[in-house]
Peer 1: 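Please find one structure pasted underneath; my questions will follow.
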2 protein chains.
Amino acid sequence: MGESPRRGRMNLGILCFIPAREMETRVLKAVAAAGFDDITLAQGRVLQRIGWEGTRMTDLAEQARVTKQTATFLIGQLERAGYVERVPDPSDARARLVRIAARGRAALEVAMEAEAEVEAEWMRHLGRRDADRLRRILTRLREITDPYQ
Amino acid sequence: MGESPRRGRMNLGILCFIPAREMETRVLKAVAAAGFDDITLAQGRVLQRIGWEGTRMTDLAEQARVTKQTATFLIGQLERAGYVERVPDPSDARARLVRIAARGRAALEVAMEAEAEVEAEWMRHLGRRDADRLRRILTRLREITDPYQ
DNA sequence: TGACGATGGACAGATTATCGAACTAAATTA
DNA sequence: TAATTTAGTTCGATAATCTGTCCATCGTCA
């Protein structure tokens, strides 16, 4: 252990990766512990990006950073497990809106709770000022790193 | 497009995920463009975590957040492709050190260059002060989110 | 209006990634 | 020395992802 890193300043990408991964696994674990133990990490990534009013497959794929095909596959799984449902998009006959079903809503509530708990932990460690700064800076960084918005 | 997010404050995990993913894909693309087009994303994640003096499989797995089995699999791929080599660890006959081979070093140089370019882009957008803050805060956050260190 | 390119989505097949279980060999501990 | 732990591998199963292809619908422009 204690392997010295290859370079002094660690890559900002990895520095972002570490907490992102931690949050993902913590939330997934909490959700599984609450009985929703058939959700996988990849499914969860897509699930948490569905808006309350429903979201299109394409948008979902873009936001979760996967191809349309992968999104189709994952949403198929989630649909069969009762977490989401696909309804026609009234504004475009080609499109279908993915909406959160009852079971999905229940799982998301657990997820959001776990999320908040982890964030609170982080805030305790960082202090309020830096936690706020972190959120603000990341939100600004998103302007140039998120093709979706 | 323009789907309104489910909640006003976006989850810090996702906010970290977005730039992390962006950096990964940008770097991978640059590396592929330089001729190292047989490296996959998962392989790259492991590859970039190998220290100059070599790193043990177990440490590598922990840092990349995958199981030992997955690390063995990915390092096997990288070894066959000439990016790394496995040498016995002089201090422990059970262990093997994964070291970067010539081809891997060449690829990593391209990767680091791309990395620096993306970071520079981010710094231009955020400004020096916030970019420094971001790195500092993420480094501190790592203290409680990185089981490896 | 109607032909045509673009878009939203699905299916099929192949490849890659990942995990759990079981195993070997070496180190550590009792 | 026997029992336990640790480092790493192999095997088999499953999950995730991509490429290519296809179909239906939408928008646009001649």
Side-chain angles (χ1 to χ4, degrees), chain A residues 1-3 17 21 24-25 28-29 32 37-47 49-50 54-81 83-99 147-148, chain B residues 1-3 17 21 24-25 28-29 32 37-47 49-50 54-81 83-99 147-148:
Chain A
M1 259 153 287
E3 182 62 49
F17 176 87
R21 193 66 177 249
E24 276 182 344
T25 53
L28 188 69
K29 199 187 247 179
D37 56 354
D38 54 345
I39 301 183
T40 67
L41 188 56
Q43 284 169 20
R45 278 187 197 135
V46 175
L47 183 58
R49 283 167 172 85
I50 302 173
T55 305
R56 285 196 190 173
M57 292 295 312
T58 307
D59 295 338
L60 227 38
E62 263 186 51
Q63 288 181 70
R65 306 284 216 143
V66 297
T67 58
K68 287 189 304 177
Q69 293 90 323
T70 300
T72 298
F73 172 78
L74 293 171
I75 290 297
Q77 308 262 3
L78 287 168
E79 191 176 35
R80 276 190 292 284
Y83 290 105
V84 305
E85 55 189 0
R86 273 184 275 214
V87 299
D89 183 340
S91 71
D92 188 334
R94 295 169 300 178
R96 302 171 78 181
L97 289 178
V98 180
R99 282 202 312 213
Y148 172 75
Chain B
M1 258 153 289
E3 182 64 49
F17 176 85
R21 193 65 179 249
E24 276 182 344
T25 54
L28 189 69
K29 198 188 248 180
D37 56 355
D38 53 345
I39 302 182
T40 67
L41 188 56
Q43 285 169 21
R45 280 188 195 131
V46 175
L47 183 58
R49 284 169 171 84
I50 302 172
T55 305
R56 283 196 189 174
M57 291 296 311
T58 306
D59 295 337
L60 227 39
E62 265 185 49
Q63 288 181 68
R65 305 284 218 142
V66 296
T67 58
K68 286 190 303 175
Q69 294 94 314
T70 300
T72 298
F73 172 77
L74 294 171
I75 290 297
Q77 308 264 1
L78 287 168
E79 190 176 36
R80 275 190 293 284
Y83 290 104
V84 306
E85 54 188 0
R86 274 184 274 214
V87 299
D89 183 341
S91 73
D92 188 334
R94 294 170 301 178
R96 303 171 78 180
L97 289 177
V98 179
R99 281 202 314 212
Y148 172 74

Peer 1: Give the nucleotide from the list C:dA17, D:dT9, C:dA26 with an atom nearest to the side chain of B:Ala93.
Peer 2: C:dA26
Peer 1: Of the nucleotides C:dA26, C:dC19, C:dG9, which one has an atom closest to the side chain of B:Val66?
Peer 2: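 For the B:Val66 side chain, the nearest candidate turns out to be C:dC19.
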Peer 1: Rounded to whole Å, please give me the gap between CD1 in B:Ile75 and C1' in C:dT18.
Peer 2: 15 Å
Peer 1: Give one of base, sugar-phosphate or nothing for A:Arg86, where a contact means two heavy atoms less than 4.0 Å apart.
Peer 2: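 The answer is sugar-phosphate, as A:Arg86 gets under 4.0 Å only of primed atoms, P, OP1 or OP2.
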Peer 1: What's the CG-C1' distance between B:Leu60 and D:dT9, to the nearest Å?
Peer 2: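 Taking CG of B:Leu60 and C1' of D:dT9, I get 15 Å after rounding.
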Peer 1: Less than 4.5 Å apart, any side-chain heavy atom of B:Arg56 and any of B:Leu97?
Peer 2: yes
Peer 1: Could you please name the option among D:dA16, C:dT18, D:dG8 that lies closest to any side-chain atom of B:Leu74?
Peer 2: C:dT18
Peer 1: With a 4.0 Å cut-off on heavy atoms, is A:Thr40 in touch with a base, just the backbone sugar-phosphate, or nothing at all?
Peer 2: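 Sugar-phosphate only.
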Peer 1: Specify the separation, in whole Å, of atom CG of A:Asp92 and atom P of D:dC23.
Peer 2: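 Atom-to-atom, A:Asp92 to D:dC23, this comes out as 19 Å.
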Peer 1: Are any of A:Thr67's side-chain N or O atoms less than 4.0 Å away from OP1 or OP2 of D:dC18?
Peer 2: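 For D:dC18, OP1/OP2 do have a side-chain N/O of A:Thr67 under 4.0 Å.
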Peer 1: So, does A:Thr70 get its side chain near the phosphate of D:dA16, meaning an N or O under 4.0 Å from OP1 or OP2?
Peer 2: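 Checking A:Thr70 against D:dA16: no side-chain N or O falls below 4.0 Å of OP1 or OP2.
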Peer 1: Measure the shortest side-chain to side-chain distance between A:Glu24 and A:Leu28 over non-hydrogen atoms and say whether it is less than 4.5 angstrom.
Peer 2: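 Heavy-atom side-chain distance check fails, nothing below 4.5 Å.
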Peer 1: Has B:Thr72 got a side-chain N or O lying under 4.0 Å from the OP1 or OP2 atom of D:dT9?
Peer 2: yes
Peer 1: Taking only N and O in the side chain of A:Thr58, is any of them less than 4.0 Å away from OP1 or OP2 of C:dG9?
Peer 2: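 Looking at the OP1 and OP2 atoms of C:dG9, one of them is under 4.0 Å from a side-chain N or O of A:Thr58.
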Peer 1: Ignoring hydrogens and angles, tell me if any N or O in the side chain of B:Arg49 forms a donor-acceptor pair with the backbone of B:Arg45 under 3.5 Å.
Peer 2: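 The answer is yes, because a donor-acceptor pair under 3.5 Å joins these two groups.
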Peer 1: At 4.0 Å (heavy atoms only), tell me whether A:Asp89 reaches a base, stays on the sugar-phosphate, or touches nothing.
Peer 2: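 Since no nucleic acid heavy atom lies under 4.0 Å of A:Asp89, the category is nothing.
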Peer 1: A:Arg45 has a side chain; which of C:dG8, D:dT17, D:dA7 sits nearest to it?
Peer 2: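 Output: D:dT17.
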Peer 1: Quick check against the 3.5 Å criterion: does B:Gln77 have a side-chain atom that pairs as donor or acceptor with the backbone of B:Gln43?
Peer 2: no
Peer 1: For D:dT6, take OP1 and OP2 only and decide whether either is under 4.0 Å from a side-chain N or O of B:Arg56.
Peer 2: no
Peer 1: Before giving the answer on side chain to side chain contact (heavy atoms under 4.5 Å, CB included), spell out for B:Arg96 and B:Asp89 the whole-Å C-alpha distance, their side-chain angles and the decisive distance to 0.1 Å.
Peer 2: CA-CA 5 Å; B:Arg96 303 171 78 180; B:Asp89 183 341; 5.9 Å; no
Peer 1: B:Arg94 has a side chain; which of D:dT25, C:dT18, D:dT5 sits nearest to it?
Peer 2: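 Taking heavy atoms from C-beta onward, the closest nucleotide is D:dT5.
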Peer 1: Could you work out which one of C:dA27, D:dC26, C:dA10 sits closest to the side chain of A:Met57?
Peer 2: C:dA10
Peer 1: Would you indicate which nucleotide in C:dC11, C:dT18, D:dA16 comes nearest to any side-chain atom of A:Gln69?
Peer 2: C:dC11
